[in-house]
Amino acid sequence: MINNLVLLEAPVTTEAIWVAVILLVLGFLCLWQGWVAYTEPIPRFVIHYNGGTYPPLAMLYGGAGLLLMGLAGLRPVLSIPEVIIGLLAPVWLFGGLTFLLGVFFWFPFFLLPPWYRRAHRAGISRNDPNAMGAFKALSVEQQKAAARKGKPR
């Protein structure tokens, strides 16, 4: 009886492929917008960020999760090994949970850009994009020196 065991695989439909492609495109767009929010010279996210939720910063992680979800959807077509999918699963889980947490509840302070944390320690106004941009333009050594001189946490 055990020798007659047959595993059935569902055929890959065009709808499943389209959903995976849409997830890939949305993931790329979210990843791009999140990257822009993290790396712009005069950071606009500081205007509205108050330590709570902030979707533009969470989009970086959500985009990574959507990209990985789209890749997993295309696994039968691209013949990606299960081992690779298994290694990418924790990244997908972290990205998706961070996105949901950052959009609906609270964006984790430790995931903010390092220069933002140094600027906060240096006493730069949290919601002034020009002051934050000027601090961001400093070298890392100058930022660290300013953070050491600034108010202690």
Side-chain angles (χ1 to χ4, degrees), residues 5-122 124 126-129 132-144 146-148 153:
L5 186 65
V6 176
L7 296 176
L8 300 175
E9 275 191 35
V12 179
T13 62
T14 56
E15 291 86 7
I17 292 173
W18 277 110
V19 168
V21 168
I22 290 170
L23 284 172
L24 285 171
V25 169
L26 286 175
F28 176 72
L29 291 174
C30 287
L31 193 65
W32 177 50
Q33 277 302 114
W35 185 253
V36 167
Y38 266 89
T39 60
E40 51 189 4
I42 296 178
R44 288 178 291 168
F45 81 86
V46 300
I47 296 170
H48 302 289
Y49 181 70
N50 60 2
T53 66
Y54 198 65
L57 292 178
M59 286 178 100
L60 182 71
Y61 301 99
L66 287 174
L67 274 174
L68 293 176
M69 209 180 326
L71 276 177
L74 289 177
R75 183 183 58 82
V77 176
L78 299 176
S79 65
I80 300 173
E82 288 287 330
V83 174
I84 302 290
I85 297 294
L87 291 174
L88 294 176
V91 177
W92 168 78
L93 183 64
F94 174 76
L97 288 177
T98 302
F99 175 71
L100 292 174
L101 185 69
V103 168
F104 295 113
F105 300 108
W106 163 74
F107 188 78
F109 190 71
F110 61 88
L111 292 178
L112 289 170
W115 62 264
Y116 181 86
R117 294 190 301 268
R118 288 190 291 264
H120 183 63
R121 272 183 264 146
I124 304 295
R126 216 175 213 195
N127 298 99
D128 184 3
M132 286 288 197
F135 187 84
K136 183 180 178 183
L138 297 173
S139 68
V140 174
E141 293 81 23
Q142 290 172 326
Q143 289 179 3
K144 288 181 180 179
R148 281 191 294 271
R153 296 187 101 192

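Residues passing the salt bridge (Lys or Arg N to Asp or Glu O under 4.0 Å) test with E82 are R75, sequence neighbours excluded. In this structure Y38 satisfies the ring-ring contact (aromatic ring centres under 6.0 Å, His included) test with no other residue, sequence neighbours excluded. In terms of the side chain to side chain contact (heavy atoms under 4.5 Å, CB included) criterion, residue partners of L26 (sequence neighbours excluded) are, by chain and number, I22, L66.
Contact check for F94 versus V91: no side-chain heavy atoms found under the 4.5 Å cut-off. In this structure, V46 and D128 have side chains that are not in contact, with every pair of non-hydrogen atoms separated by 4.5 Å or more. With contacts defined as side-chain heavy-atom distances shorter than 4.5 Å, the pair L101/W106 qualifies. Proximity of L29 to M59: side-chain heavy atoms (C-beta onward) are nowhere separated by under 4.5 Å.
The shortest non-hydrogen separation linking P56 to A37 is O-CB, 3.8 Å. Here the closest heavy-atom approach between residue P43 and residue P129 is recorded as O-CB, 3.4 Å. The shortest non-hydrogen separation linking G63 to C30 is CA-CB, 3.6 Å. The minimum heavy-atom distance linking V103 with A58 is given by the pair CG2-CB, 4.1 Å.
Side-chain N or O atoms of E40 include one that pairs as donor or acceptor with a backbone N or O of R44 at under 3.5 Å. Under a 3.5 Å cut-off, the side chain of Q143 and the backbone N or O of K136 do form a donor-acceptor pair. Distance alone, capped at 3.5 Å, is enough to place a donor-acceptor pair between the R117 side chain and the L112 backbone.
In this structure, CD1 in I17 is found 9.0 Å from CG in L78, a value given to the nearest 0.5 Å. Separating the CD1 atom in I124 from the CZ atom in R126 is a distance of 13.0 Å, to the nearest 0.5 Å. Once rounded to the nearest 0.5 Å, the distance linking CG of L60 with CG of L31 reads 5.5 Å. For the atom pair L138 CG and K144 NZ, the distance stands at 13.5 Å (nearest 0.5 Å). Here the straight-line distance linking atom CD1 of I47 with atom CD1 of I42 works out to 10.0 Å at 0.5 Å rounding.
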Apply side-chain contact (heavy atoms from CB on, under 4.5 Å) to F135 and Q142, showing your working. CA-CA 9 Å; F135 187 84; Q142 290 172 326; over 6 Å; no
Check the pair W115 / M132 against side-chain contact (heavy atoms from CB on, under 4.5 Å), numbers first and verdict last. CA-CA 9 Å; W115 62 264; M132 286 288 197; 3.9 Å; yes
Criterion side-chain contact (heavy atoms from CB on, under 4.5 Å) on L23 and L71, from CA distance to verdict: CA-CA 9 Å; L23 284 172; L71 276 177; over 6 Å; no
Can you check side-chain contact (heavy atoms from CB on, under 4.5 Å) on L68 and L88, steps first, answer last? CA-CA 7 Å; L68 293 176; L88 294 176; 3.9 Å; yes
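Ring-plane geometry between Y61 and F107 is classed as tilted, the angle between the planes lying from 30 to 60 degrees on a 0 to 90 degree scale.
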